[in-house]
Amino acid sequence: MSMKIRCLAVLAALALVLPPLAAAAAAEAAPSGARAAGAAVEYAELEHEIGAELAIDTTFNTTRRGVLVKYTNPTLTLRLGPEAGSIDLSVPRDTVRRITILKPAPPASTTQ
């Protein structure tokens, strides 16, 4: 066999093997509880989403966008970006209409 045919055969074999391996590696790398960006979530689910970027639609017909820095049953605390004054804003639970995760929380680091 010529060198070109051997190279093509090797490339064809790799094309069959690599996609399943890449998919398996991606599945192992993704935390099982991770939320996809754009996912709507229930209020109670935010307890494990500290650090996620959220958009919260309120009963006052406003949308607050920021990073979740604190979760309690009665109130969420968002850190708003510089365009909104770089402040921490408390959002009472009873004013929340819809919550969307814009960017999932970073994975928790493990220290030993």
Side-chain angles (χ1 to χ4, degrees):
M1 273 202 297
S2 73
M3 185 61 127
K4 281 186 179 180
I5 293 174
R6 285 183 185 167
C7 288
L8 288 174
V10 168
L11 289 174
L14 286 174
L16 293 174
V17 172
L18 290 180
L21 290 176
E28 287 178 14
S32 60
R35 301 258 183 221
V41 295
E42 296 297 320
Y43 187 97
E45 297 175 50
L46 292 176
E47 184 174 8
H48 305 291
E49 295 293 337
I50 303 297
E53 185 176 341
L54 307 175
I56 300 177
D57 297 328
T58 71
T59 57
F60 301 118
N61 296 321
T62 61
T63 300
R64 302 298 183 191
R65 180 178 177 157
V67 175
L68 182 64
V69 293
K70 184 178 177 185
Y71 167 91
T72 62
N73 193 31
T75 305
L76 298 175
T77 303
L78 293 180
R79 180 158 295 137
L80 304 183
E83 68 282 354
S86 298
I87 61 169
D88 286 356
L89 177 73
S90 295
V91 182
R93 182 179 189 149
D94 60 350
T95 67
V96 172
R97 183 175 287 156
R98 177 183 163 99
I99 303 167
T100 306
I101 294 182
L102 302 174
K103 183 177 175 186
S109 62
T110 57
T111 56
Q112 294 183 11

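Since this is a predicted model, take the numbers as computed values, not measurements. What's counted below: heavy atoms across the whole structure, side chains too, no hydrogens, waters or symmetry copies.
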- Note on the structure: Heavy-atom nearest pair, L78 first then G66, reads CD2-O, 4.0 Å
- Query: Going by heavy atoms in the side chains, are T58 and R97 under 4.5 Å from each other?
  - Reply: no
- Tightest non-hydrogen contact, residues A52 and A105, listed as CB-N, 3.5 Å
- From CG (L76) to CD1 (I50), nearest 0.5 Å: 8.5 Å
- Message: Does any part of the side chain of I101, heavy atoms only, come nearer than 4.5 Å to the side chain of E49, both counted from C-beta?
- Response: yes
- Note on the structure: OG1 of T100 to CG of L54, rounded to nearest 0.5 Å, is 8.5 Å
- Message: Test of understanding: clusters of I, L, V, M, F, W, Y form through side-chain heavy atoms closer than 4.5 Å, transitively. Do L68 and V96 belong to the same one?
- Response: yes
- Rounded to the nearest 0.5 Å, the CG atom of D57 sits from the OG1 atom of T62 at a distance of 8.0 Å
- Is I99 reachable from Y71 through a run of hydrophobic residues whose side-chain heavy atoms are each under 4.5 Å from the next? yes
- Query: Do V69 and L89 belong together in a cluster built from hydrophobic side chains that touch within less than 4.5 Å?
  - Reply: no
- Message: Within the 4.5 Å heavy-atom criterion, are T75 and K70 side-chain neighbours or not?
- Response: no
- Query: For the atom pair CZ (R79) and CD1 (I87), what is the distance rounded to the nearest 0.5 Å?
  - Reply: 11.0 Å
- Distance (rounded to the nearest 0.5 Å) between R64 CZ and I56 CD1: 10.0 Å
- For the student: nearest non-hydrogen atoms of F60 and T95, plus distance: CE1-CG2, 3.6 Å
